[in-house]
There are 2 protein chains.
Amino acid sequence: MRPTVHDIAAEAGVSLATVDRVLNARVGVRAETRERVQAAVTRLGYVRDVAAANLAKSRSYAIRFILPDGDNPFMHALKAHVLQVGDPATRLGGLERLAVSLDPVPSLDVVALAAALDRAGEQGPAGIAVVAVDAPEVEAAIGRLTARGIPVATLVSDLPASGRRHFAGIDNIAAGRTAGGLMRRFLSGRSGPVAVIAGSLTLRDHRERLSGFADVLAQGAQALNLLPVLEGGDDPIRVETLAAKLIAEVPDLAGIYSLGAGDRGLIRALSAAPERRPQAVLLHELSPHTRQALEAGLVDAVLAQDPGHIARSAVRVLRAFADGTSFDPAQERIRIDIFLKDNLPPG
Amino acid sequence: MRPTVHDIAAEAGVSLATVDRVLNARVGVRAETRERVQAAVTRLGYVRDVAAANLAKSRSYAIRFILPDGDNPFMHALKAHVLQVGDPATRLGGLERLAVSLDPVPSLDVVALAAALDRAGEQGPAGIAVVAVDAPEVEAAIGRLTARGIPVATLVSDLPASGRRHFAGIDNIAAGRTAGGLMRRFLSGRSGPVAVIAGSLTLRDHRERLSGFADVLAQGAQALNLLPVLEGGDDPIRVETLAAKLIAEVPDLAGIYSLGAGDRGLIRALSAAPERRPQAVLLHELSPHTRQALEAGLVDAVLAQDPGHIARSAVRVLRAFADGTSFDPAQERIRIDIFLKDNLPPG
DNA sequence: CTGTTAGCGCGTTCAT
DNA sequence: ATGAACGCGCTAACAG
């Protein structure tokens, strides 16, 4: 049997209450007594039973997710996973006494986002997870939360200067570099210009992906020629227009890298003129549309981050911060997944 | 507050004991009483607090891992992760009352493996995780465990016919296909033969990878020519010999796919004659050696499965089986990771 | 068949 | 500065 507080108390010759005070670093214990208890703890190899402690405290972890209510498939999937994590019928929801709530916020509305952050803070949650937008208002709001001791994790798009405790998402510079590496390899030998379609360069993650990608294309013996970046606002319709024009006007186009959303438009443009499809097409995030395009050979590879992993990881990390315990960084690292048609997950 | 057994008892007008009997499907309750309790449960939306239940039962989950004590880096990493999962100081070890133990078994010794399985079963564990070897003795031993109601999960290499409840590892046919897809793309346009180095074709996972790879190379307009498979016994020294000979004797060699272990030998052979390196080199599993080779440009891509994920997943799944609860299949799917030099995890 | 009671390991009053 | 006693939500003896 693992030693319990009783064993510690007996070993140290004190009462349970004193052991508790020492274990929780509370005041009102003589230094000498404290020593005795600590000695007993290490001697017996005591480790606190967190489950029992939480039961006694009837603690529950209120975690708030603030997500853009945009309509892109990735955010939809993320929302679904957050709800699933909070479902009391599941392991995390049940066993781990979580109370997950979800606040939708108009997409890219920095004022609304800052307000939502402040409001969430009022409820005194155990932690807050938010898809950050790169704006001073948001940065300040996160700073206020942090100052009040509420751990904040950014999701998908980071805001390091805000003081957030954690970022759950991929390294977007590395993602861009990865796309660059694939592009080079898929185009081996061949020359011809490469196009990039972004959502908006005001988005930090898009800027980062672009910079990593451009970096890799420029380096090495045979640099690839990068066309001026197109911005489609993550909107399928605008993206389709841009892509169709691109394909029509650049006959020797070698590759396309779409680093934002709105890929439905790109896919439509590609399937409208299959004979002019460039040799390599790369895009981000798995959705029914991108899956299908990959399976159909319209797209060569999809870079992705797993929304289920992001949701679960944010919860685990925020819980750990709330408890003051540690977590396994390797487990919480969000991978840059590369999907070809052959390693697609089922479903 | 979430409703508790007390609320149910009050609502149904019975005692706690009766509620407990109904909740745990124990005998000795009149059908009519049972109905009343169940009605109260659904009316109040009761869900059992698993943590409290486990506390009361002072239940702990004994999970045994049976792993080959071979010296390859992947198995080493897997072992380390298993130990970490079992560490009482971690979340899983502490909060979740696990007692993980590790039985090493001589690599590829089917008799010893079967004996270890039988022995593990004697201890009455909550679950057993094992790296299966494709042999009738092993299959039978797993069958005996399953028959006794002990859930078994195979790790890395599967044995579906054994009756194991779960497999934690990648789909190796898909992994082979993925390697094939990368090989085709990396060799786009270029022809020339492609070599495969396996450990041993008596290993199910190696056979499966080969079959998926060969499949993809053969299909499509321009089939790639596959040389006869080389078997290096997962031994760096034998692999080095084979690879060196291959590189020397096949001047127009376009690609190499190493689908087993012993890659240290392959890497040595490649760096000994860098000017004759084929255009595409693919191999499996991340290790200090393969990382370095990737970074040095000696290897183009590494396919991998995350040993940390496998260890954690096996524990979660076996616990779920022991409890008769469900788990999230998407969370437990082991991904076929593709690493280029640009999306390598840190460390 | 059903109810009472005493813990599981810990946190938290309220006394001393 | 320290200790005794009760309760968190649930299970398991033992009564009845």
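Sequence lines set the chain letters: A, B, ... in the order given, protein chains first and strands last, and positions in each chain run from 1. Owing to the predicted nature of the structure, the values given are computational and were not obtained by experimental measurement.
In this structure a side-chain-to-backbone donor-acceptor pair under 3.5 Å is missing from B:Asp20 to B:Leu16.
B:Arg164 has a carboxylate O that lies under 4.0 Å from a charged side-chain N of B:Asp158, or vice versa, which qualifies the two as a salt bridge. Ionic pairing of B:Asp306 and A:Arg335 is present here: one or more N-O contacts between side-chain nitrogen and carboxylate oxygen are shorter than 4.0 angstrom. Note on A:Arg2 versus A:Asp7: no salt bridge recorded, every NZ/NE/NH1/NH2 to OD/OE distance being 4.0 Å or above.
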- request: Determine, step by step, whether A:Asp103 and A:Arg119 satisfy the salt bridge (Lys or Arg N to Asp or Glu O under 4.0 Å) criterion, reporting the C-alpha distance in whole Å, the side-chain angles of both residues, the deciding distance to 0.1 Å, and the verdict.
  value: CA-CA 10 Å; A:Asp103 304 358; A:Arg119 243 180 298 118; 5.4 Å; no
Enumerate the protein-to-nucleotides 7-11 of chain D contacts in which both atoms are nitrogen or oxygen and the separation is below 3.5 Å.
from   : atom 1 : to      : atom 2 : distance (Å)
D:dC8  : O2     : A:Leu55 : O      : 3.4
D:dC8  : O2     : A:Ala56 : N      : 3.1
D:dG9  : N2     : B:Ala52 : O      : 3.4
D:dC10 : OP1    : B:Tyr46 : OH     : 2.4
D:dC10 : OP1    : B:Asp49 : N      : 3.3
D:dC10 : OP2    : B:Val5  : N      : 2.5
D:dT11 : OP1    : B:Arg48 : NE     : 3.1
D:dT11 : OP1    : B:Arg48 : NH2    : 3.3
D:dT11 : OP2    : B:Asp20 : OD1    : 2.6
D:dT11 : O5'    : B:Asp20 : OD1    : 3.4

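Between B:Thr33 and C:dT2, a side-chain N or O to OP1/OP2 separation shorter than 4.0 Å is present. Dashed line: the shortest gap from a side-chain N or O of B:Arg30 to OP1 or OP2 of C:dT2 is under 4.0 Å. The side chain of A:Thr18 places no N or O atom within less than 4.0 Å of a non-bridging phosphate oxygen (OP1 or OP2) of D:dT2.
Counting heavy atoms from C-beta on, the side chains of B:Tyr61 and B:Val315 never come closer than 4.5 Å.
Rounded to whole angstrom, the span from the CZ atom of A:Arg21 across to the P atom of C:dT12 amounts to 11 Å.
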